[in-house]
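One structure is given here, and the rest of the page talks about it.
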2 protein chains.
Amino acid sequence: MKITSMRDLSATVRGRRQDLGLSQAELAAMAKVSREWVSGVESGKATVEVGLVIRLLAALGLVLDLVTDDPATVEPRVNLDALLGALRDR
Amino acid sequence: MKITSMRDLSATVRGRRQDLGLSQAELAAMAKVSREWVSGVESGKATVEVGLVIRLLAALGLVLDLVTDDPATVEPRVNLDALLGALRDR
DNA sequence: ACGGTATGTGACCGTTCGTGCACAATGTCA
DNA sequence: TGACATTGTGCACGAACGGTCACATACCGT
């Protein structure tokens, strides 16, 4: 599953947890976080700490794979529009 | 690149940024975060918000892929040892 | 319909985030 | 070696974290 937003992440977490037949409380105990925090992740809370997320994924038997978006790109390449836009109001 | 810890993530971010020929400041502007924050990520800070990390990876042209650790598993499967250990002191 | 479990949500609290700034340390290139 | 850019680190501040407790709602098997 490609993760480009918190929606993708939350959906994958919930689906995997249910596939494993775990409650939020059980998963929370395994990952050493609170049940409410798991609920937050599954509803797409974007401000959760990435370290805890990695722990959660490990408890679910999920591994993050980081791949380049554009396989053809070898030469250094910059999104100039994004860069200029971000720099405009500085 | 498989991401199982913050070390993996930070190393990948730094490598990719340098491949693109970007400074931390440029990358920070593109992802709309502070330069200091980027420095923290690249040094393995585990408490950074996952939403900002996703923005950063997008700016780097990187996509997260979430795959199951054990491809053979179809039936619900639980790491009972981990679960019991976590529940023990409750 | 009923009972128990599971999940969502809000408030409170102590802690820590992310930003911005300043300065030191490091790297780079002529 | 000497500018200059880049990166690391500490501080103060407002904002928000994650844990916990409480309660409401939703779900499920019988």
Would you mind building the protein contact string for nucleotides 3-13 of chain D? One character per nucleotide, 5' to 3', B for base within reach (heavy atoms under 4.0 Å), S for sugar-phosphate only, - for untouched. ----BBB----

To the nearest 0.5 Å, what is the distance between OG on A/S39 and CG on A/L27?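 Reported to 0.5 Å precision, the distance equals 11.5 Å.
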
Looking at C/dC17, I'd like to know if its phosphate oxygens (OP1 or OP2) sit under 4.0 Å from a side-chain N or O belonging to B/T47. yes

Think A/K45 has a side-chain N or O under 4.0 angstrom from the OP1 or OP2 of D/dC17? yes

Compute the angle between the rotation axes at the two ends of the helix from C/dG4-D/dC27 to C/dA30-D/dT1, each taken over five pairs, rounded to 10 degrees.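 Angle reported: 70°, given to the nearest ten degrees.
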
Quickly work out the A/W37 CH2 to C/dG8 C1' distance and round it to whole Å. 16 Å

Do side-chain atoms of B/Q18 reach the backbone of B/G15 as a donor and acceptor pair under 3.5 angstrom? no

Sub-3.5 Å donor-acceptor pair from the side chain of B/R16 to the main-chain atoms of B/L60, do we have one? yes

Could you list the donor-acceptor pairs under 3.5 angstrom formed by side chains in residues 47-55 of chain B, with sequence neighbours left out?
residue: B/R55; atom: NE; partner: B/A31; partner atom: O; Å: 2.9
residue: B/R55; atom: NH2; partner: B/A31; partner atom: O; Å: 3.1
residue: B/R55; atom: NH2; partner: B/K32; partner atom: O; Å: 3.0

Using a strict heavy-atom distance below 4.0 Å, which residues from residues 48-56 of chain B are in contact with DNA chain C?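 B/V48, B/E49, B/L52, in order of number.
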
B/R17: which residues meet the salt bridge (charged side-chain N to carboxylate O under 4.0 Å, His left out) condition with it, sequence neighbours left out? B/E42

Just jot down the side-chain contact (heavy atoms from CB on, under 4.5 Å) partners of [X], sequence neighbours excluded, or say none.
| X | answer |
| --- | --- |
| B/T12 | A/L66, B/M1, B/I3, B/L62 |
| B/S10 | none |
| A/S34 | A/E36, A/W37 |

Residues in side chain to side chain donor-acceptor pair (under 3.5 Å) contact with A/T4, at least two apart in sequence or another chain: A/D8

Got A/V63 and A/L57 here, is their nearest side-chain heavy-atom distance under 4.5 Å? no

